[in-house]
Amino acid sequence: MTTPTGPTGPNPEQGLSVPGYIRDHEVHPPLDYSGYRSTALRHPKRPLTLLPHMLTEITSPVLGHDRLGELDNDLTRQHDEEPQGQRIIVHGQVRDSDGRPVPHTLVEIWQANAGGRYRHVSDNWPCPLDPNFTGVGRTMTDTEGRYRFTTIQPGAYPWKNHDNAWRPAHIHFSLFGRAFTQRLVTQMYFPGDPLFFQDPMWNSIPDPKARERLVARFDYANTAPEWALAYEWDIVLRGRESTPFEAEGDDDDE
Amino acid sequence: MTSETTPSQTVGPYLHIGLPWPDGPFAVAKGSPDGFWIRGVLYDGAGAVVPDGLIETWQADPDGRFDHPDDPRGAVDRPGFRAFGRCQTDGDGAFGIFTLKPGPVPGPRGPQAPHIDVSVFARGMLHRVVTRIYFPEEHAANAVDPVLTSVADPRAREALVARPAEDGYRFDIHLQGDDETAFFDI
């Protein structure tokens, strides 16, 4: 069944087996979570069909630096003047669960301003918009999988999910990895936030240890003196299953 | 060793400030001669449109190849072809991706039918869901495609095949309900 690939590539008529990515469903929140009301009409009720990983699933867009503007990774310099709020540096490393860095992958973020309001037509939270803050950033990881943003500390904000509901301060993150299967959208939180206990998005993650992986670490060593506080947040994407090529005595696919 | 991955969280209601790109819907450059639109609407379980969603597509090129280091055959140089499409849903839940038709992609036991992988993100979804788009003119290939034929419900299977439309194809996505789209565990 396994067709090893030689330097000339496989014969499409013969077929091709490729190493897939480790499934990690138990880490993620369920699609149906009653504490987060909006899931009620937005989760499939029928069982998912298992999709073996093939070429479409183990590849993904190779997005280049041409997607990035010069100031996309510094949300404090995208306007004529400085945004309100505490400047922070957010940095970390993107790895897979085999421990390998994920280099040259696009990292996108979006967030509320210091008062907890998004620059979005639907956000009616009566906190002023900041004319100098859009709340959108992009960068690529370097050869070691490292990323770095300069931004401002986002505020908490109320929402209508339940009585007296407040979202803990967070930054939305979007990552591609190097495979369709590695695509991840998540949120980074801040240490010691007193709002976690009542937040359904936080609580939807079944394993408390997995929740903690969404919390950045305050990083005194990387603060910028008289300028910015710093947080370090590493992100771990799915790792590879062992390659079927190895059994054939082939070289590693790296 | 899956215990260390970072959990998914919802894109939330304000994804449209951060994720869409101006050229996002163009998996191939605007005006490409063989380009066509795949248009659809994203629906929730009550049949209401989902205006705060995002659709992403990923596919092979017309030769069935991927511009990616893990495709051992290498890519065919095709300027303007990105293979990746990204479109936010509008106030009517509608999305559209302008692309080229993918070629057959090698599978474990011979070629797979031409297909496009799709991710769906939205407020109210703690994790994305994934489906595939197939093509109506590919009767023979669809009939033996290992993924399409693994969808047990014939009606759901049929719904993964796009319908012909004036400027390309039509592919609606139902997150829940009688017409619930077949989603895949990847």
Side-chain angles (χ1 to χ4, degrees), chain A residues 1 5 9-10 12-13 15-17 22 24 27-31 33 36 38-39 41-46 48-51 54-62 97 108-110 118-120 122-123 135-136 172 174 180-181 183-187 201 204-205 210 213-214 235-239, chain B residues 1-19 44-46 50 58-60 64 66-68 70-74 82-84 104-112 115 117 119 121-129 147 150-151 175-176 180 182-186:
Chain A
M1 190 148 37
T5 58
E13 299 306 316
L16 173 68
S17 284
I22 301 164
D24 64 348
V27 166
H28 299 293
L31 286 163
Y33 185 74
Y36 175 22
S38 299
T39 67
L41 291 171
R42 295 185 170 192
H43 70 273
K45 290 189 168 177
R46 296 177 190 164
L48 306 182
T49 301
L50 187 75
L51 175 53
M54 293 183 260
L55 271 176
T56 317
E57 290 72 40
I58 65 148
T59 56
S60 77
V62 179
S97 62
E108 297 168 288
I109 63 170
W110 69 104
Y118 288 84
R119 182 170 290 280
H120 188 285
S122 305
D123 190 350
V136 177
H172 294 269
S174 161
F180 183 78
T181 45
R183 182 87 177 86
L184 179 70
V185 170
T186 185
Q187 299 176 24
M201 292 179 197
S204 68
I205 299 165
R213 291 201 291 278
L214 296 185
I235 301 159
V236 182
L237 306 177
R238 295 162 70 174
Chain B
M1 284 298 289
T2 62
S3 60
E4 293 177 359
T5 55
T6 303
S8 167
Q9 293 272 269
T10 178
V11 291
Y14 306 125
L15 75 161
H16 290 171
I17 73 166
L19 287 178
D44 74 9
V50 175
W58 173 244
Q59 63 171 92
F66 295 91
D67 177 16
H68 188 278
D70 286 343
D71 187 336
R73 301 162 302 164
R82 191 172 62 203
F84 173 73
V105 174
R109 287 172 293 282
Q112 303 175 68
H115 62 269
D117 274 14
S119 299
F121 303 87
R123 175 183 67 85
M125 298 176 66
L126 288 160
H127 202 329
R128 69 167 169 171
V129 290
V147 175
S150 71
V151 176
L175 293 173
Q176 194 186 84
E180 184 176 304
F183 295 107
F184 293 100
D185 171 356
I186 66 155

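Convention: sequence-line order gives letters A, B, ...; per-chain numbering from 1. Please read these numbers as outputs of a predicted model, since none were measured by experiment.
Heavy-atom pairs under 4.5 Å with chain A were tallied for Leu126(B), Asp44(B), Val105(B); the largest tally goes to Leu126(B). If you tally non-hydrogen atom pairs under 4.5 Å between each of Ser204(A), Ser38(A), Pro61(A), Pro30(A) and chain B, the highest count goes to Pro61(A). Each of Leu48(A), Leu51(A), Thr59(A) has some count of heavy-atom pairs under 4.5 Å with chain B, and the biggest count is that of Thr59(A). Counting heavy-atom pairs under 4.5 Å between each of Ser174(A), Gly135(A), Ser60(A) and chain B puts Ser60(A) at the top. Heavy-atom pairs under 4.5 Å with chain B were tallied for Leu55(A), Leu50(A), Thr39(A); the largest tally goes to Leu55(A).
For the residue pair Arg213(A) and Pro7(B), the shortest heavy atom distance occurs at CB-CD, 4.5 Å. Of all heavy-atom pairs spanning Thr186(A) and Ser8(B), the tightest one is OG1-C, 4.2 Å. Closest approach of Pro44(A) to Val129(B), counting heavy atoms only: CG-CG1, 3.9 Å. The two residues Met201(A) and Gln9(B) come nearest to each other via the heavy atoms O-NE2, 3.0 Å.
Both the backbone and the side chain of Glu57(A) come within less than 4.5 Å of a heavy atom of chain B. When heavy atoms are compared at a cutoff of 4.5 Å, Ala83(B) does not approach chain A at all. For Val236(A), the parts sitting under 4.5 Å from any heavy atom of chain B are the backbone and the side chain alike. Interface residue Phe66(B): only side-chain heavy atoms are found under 4.5 Å from chain A. Only the side chain of Leu184(A) comes within contact range of chain B, with heavy atoms under 4.5 Å apart. Interface remark: Val11(B) contributes backbone and side-chain atoms alike to the contact with chain A (heavy atom separation under 4.5 Å). For chain B, the nearby part of Leu214(A) is the side chain; its heavy atoms alone come within less than 4.5 Å. Contacts between Val151(B) and chain A at a heavy-atom distance below 4.5 Å involve backbone atoms as well as side-chain atoms. Tyr118(A) touches chain B through its side chain: at least one heavy atom from C-beta onward sits under 4.5 Å away, while N, CA, C and O do not. If you measure heavy-atom distances from Arg238(A) to chain B, the contacts under 4.5 Å come from both the backbone and the side chain. For His172(A), the part lying near chain B is the side chain, with the backbone staying farther off; criterion is any non-hydrogen pair under 4.5 Å. Of the atoms belonging to Asp67(B), it is backbone heavy atoms, and not side-chain ones, that fall under 4.5 Å from chain A.
A donor-acceptor pair under 3.5 Å links the side-chain atoms of Ser97(A) to the main chain of Gly239(A), judged by distance alone. A donor-acceptor contact shorter than 3.5 Å is absent between the side chain of Gln176(B) and the backbone of Lys45(A). With hydrogens and angles disregarded, no donor-acceptor distance shorter than 3.5 Å links the side chain of Thr5(B) to the backbone of Leu237(A).
The side-chain heavy atoms of Pro106(B) and Arg73(B), taken from C-beta on, include a pair separated by under 4.5 Å. Taking 4.5 Å as the limit, every side-chain heavy atom of Leu15(B) sits out of range of all side-chain heavy atoms of Arg123(B). Using a 4.5 Å heavy-atom threshold, the side chains of Gln112(B) and Val147(B) count as touching.
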Exercise. May I have the step-by-step check of side-chain contact (heavy atoms from CB on, under 4.5 Å) for Ser119(B) and Trp58(B), ending in yes or no?
Key: CA-CA 9 Å; Ser119(B) 299; Trp58(B) 173 244; over 6 Å; no
